[in-house]
Amino acid sequence: MNSSRRRVLRGTGGLAVLGLAVAAGLLKPGLARAADWNKAAFETKSFKDVVKALGGSEPVPSGDIVIESPDIAENGAVVPFTITSKLANTQSIALLIEKNPNILAAEFDIPEGTDPWVNTRVKMGQTSPVIALVKAGGKYYYAAKEVKVTLGGCGG
Amino acid sequence: MADPMKIRATMAGDKVEVKVLMAHEMETGQRKDSSGKVIPAWFIQNVTATCNGKTVLSAEWGPAVSKNPFLAFRFKGGKPGDKVVISWVDNHGDKRTDEATIS
């Protein structure tokens, strides 16, 4: 567990507060799932809490998840992302922008017969690691990538 | 009522590739107007796509999705002439459903 946490820290950078947030235990996974829109997951501010709010735990880094995006986004208001999962039985794909006010940007449920491939555009407030979180076969996997933003898309 | 979505569904090999452009402000709730008041959040929360009665994609979105959201995905099991139906619901409860025929 400890070593995987290290990887989380190294892989995504700057998640030092996550231990505290988890310890605070503010989230009750499962409860929010009943609603159509997972409010808890969208209001959390750390990677671990999002995973928890989605009902998972201990995500593992995976090389089978590919994030395609510009390395430098000139306009943070519209940053295109394509996420591909090569993991068998991919059930959902979530896109997380670590330094946005709320870290979870979007979550896609992938039913059987649909490619584990989504393409969308999101806002980024500032340069930030971007995490693709994939649920496959009941487990959570992730990949991360840093995207530089020249002009933020969240300020007024 | 919001403007219609632009939906394009085309065959790509044995799969259907769907591209959707929705018309929505996707206000984050973080911005302030000129008098310093916070502009309340207004964004699409749920998106569902079906083809022949089967759900082919469902999504939950936060306000971080860009204004006038774009979405593309691919699924198996559709053929030319079938209809792809996409609907969304925003945090005000507004809804919009549009469909396109696979070509």
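In this text, all values refer to a predicted model and were calculated from it rather than measured experimentally. Protein chains get the first letters and strands the later ones, always in sequence-line order, with residue 1 at the start of each.
If you chain together hydrophobic residues whose side chains sit under 4.5 Å apart, A/Leu87 and A/Ile131 fall into the same group. Residue A/Leu104 is grouped with residue A/Ile67 when hydrophobic side chains (ILVMFWY) are merged at heavy-atom distances under 4.5 angstrom, including chains of intermediate members. Cluster membership check: B/Trp42 does not share its hydrophobic cluster with B/Val38, using side-chain heavy-atom separations under 4.5 Å among Ile, Leu, Val, Met, Phe, Trp and Tyr. When hydrophobic clusters are built by joining Ile, Leu, Val, Met, Phe, Trp and Tyr residues whose side-chain heavy atoms come closer than 4.5 Å, directly or via intermediates, A/Val66 is not grouped with A/Val60. Taking hydrophobic clusters as Ile, Leu, Val, Met, Phe, Trp and Tyr residues chained together by side-chain heavy-atom distances below 4.5 Å, B/Ile102 shares a cluster with B/Met5.
For NZ of B/Lys54, the number of neighbouring non-hydrogen atoms (other residues, nucleotides, ligands) closer than 6.0 Å is greater than 12.
Annotation: side chain of B/Leu71 is in contact with side chain of A/Phe108 (closest heavy-atom distance under 4.5 Å). At least one side-chain heavy atom of A/Asn119 sits less than 4.5 Å from a side-chain heavy atom of B/Phe70. The shortest distance between side-chain heavy atoms of A/Asp109 and B/Leu57 does not fall below 4.5 Å. Proximity of A/Thr114 to B/Lys76: side-chain heavy atoms (C-beta onward) are nowhere separated by under 4.5 Å.
A distance of 10.5 Å separates NZ of B/Lys15 from CH2 of A/Trp117, quoted to the nearest 0.5 Å.
Interface remark: A/Glu43 contributes no atoms to any contact with chain B (heavy atom separation under 4.5 Å).
Closest non-hydrogen pair, B/Lys67 versus A/Lys123, comes out as N-CE, 3.9 Å. Residues B/Trp61 and A/Ala106 come closest through the heavy atom pair CD1-CB, 3.5 Å. Of all non-hydrogen atoms in A/Pro111 and B/Val56, the two that sit nearest each other are CD-O, 3.2 Å. Considering every non-hydrogen atom in both B/Val65 and A/Ala105, the closest pair reads CG2-O, 3.7 Å. Closest non-hydrogen pair, A/Arg121 versus B/Leu21, comes out as NH1-CD1, 4.3 Å.
Interface summary for chain A: among B/Ala59, B/Ser58, B/Gly77, B/Ser66, the most heavy-atom pairs under 4.5 angstrom belong to B/Ser66.
The side chain to side chain donor-acceptor pair (under 3.5 Å) test applied to B/Asn52 returns B/Asp82, not counting sequence neighbours.
Two rings, from A/Trp37 and B/Phe43, have their centers less than 6.0 Å apart.
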